[in-house]
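Note that these values count all heavy atoms, side chains included, but never hydrogens, waters or copies made by symmetry. Count residues from 1 along the sequence.
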Amino acid sequence: VQLVESGGGSVQAGGSLRLSCAASGFSFDDYAIGWFRQAPGKEREGVSCVSSSDGRTYYAESVKGRFTMSSDNAKNTVYLQMNSLKPEDTAVYYCAVDPRPLAGWDILGLYYGMNYWGKGSLVTVSS
């Protein structure tokens, strides 16, 4: 399993970015998939995920209505479209996958961890 994030960068508040996570070595169909972020001095937190239990997409309250998670199974790639960015969205963003049947809020809360992680992509939002 290999995950490679791309698309990070610097943007002013109110701007948009789209992150990509290219995956290899497995099929999305059977895996829980999540986007997480870690700001300097803070713990890693869940942003969005697709549950392997019910197939639904979940969002953290802090990003709901601004971020959209999607996937292109033909390309084995997941995306995180981030709109109306705020300075507090500044963080390293990671995608992660796990073969276990995980519920959405368990994924976002990292209650059971995630087995495979990308190296991350830095997003910086200036005011």
Contacts of type disulfide bond (SG atoms under 2.5 Å apart), residue Cys95, not counting sequence neighbours: Cys21

Shortest non-hydrogen contact from [X] toward [Y]:
X: Val11; Y: Ser16; result: CG2-N, 4.0 Å
X: Cys49; Y: Gly104; result: SG-O, 3.4 Å
X: Ala103; Y: Ser53; result: N-OG, 3.6 Å
X: Pro99; Y: Tyr116; result: CD-CE1, 4.2 Å

Does NZ in Lys64 sit with more than 12 non-hydrogen atoms of other residues, nucleotides or ligands closer than 6.0 Å?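 Atom NZ in Lys64 is crowded, with more than 12 foreign heavy atoms closer than 6.0 Å.
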
More than 12 heavy atoms of other residues, nucleotides or ligands under 6.0 Å from CD of Gln12: yes or no?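 Result for CD/Gln12: open.
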
Quick one: CG on Leu19 to CZ on Phe67, what's the gap to the nearest 0.5 Å? 8.0 Å

From Phe26 CZ over to Gln2 CD, what is the distance, rounded to the nearest 0.5 angstrom?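 Rounded to the nearest 0.5 Å, the CZ-CD separation comes to 10.5 Å.
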
[X] side chain near [Y] side chain, heavy-atom distance below 4.5 Å:
X: Met69; Y: Ile33; answer: yes
X: Arg100; Y: Ser52; answer: no
X: Asp89; Y: Met82; answer: no
X: Arg37; Y: Val63; answer: yes
X: Tyr59; Y: Thr68; answer: yes

Under a 4.5 Å side-chain heavy-atom rule over Ile, Leu, Val, Met, Phe, Trp and Tyr, are Val4 and Val123 clustered together?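 No, because Val4 and Val123 fall into different hydrophobic clusters, even though each may have its own neighbours under 4.5 Å.
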
[X] side chain to [Y] backbone, donor-acceptor under 3.5 Å:
X: Asp106; Y: Ser51; result: no
X: Asp72; Y: Thr77; result: no
X: Asp98; Y: Asn115; result: yes
X: Gln38; Y: Ala91; result: no

Who clusters with Trp117? Use side-chain heavy atoms, under 4.5 angstrom, across I, L, V, M, F, W and Y, and order the result by chain and number.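 Besides Trp117, the hydrophobic cluster comprises Phe36, Val92, Tyr94, Leu102, Ile107, Leu110, Tyr111, Tyr112, Met114, Leu122, listed by chain and residue number.
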
Tracing side-chain contacts under 4.5 Å among Ile, Leu, Val, Met, Phe, Trp and Tyr outward from Trp105 reaches Tyr58, Leu108

Per the side-chain contact (heavy atoms from CB on, under 4.5 Å) rule, which among Ser48, Ser70, Ser121 passes with Leu80? Ser48

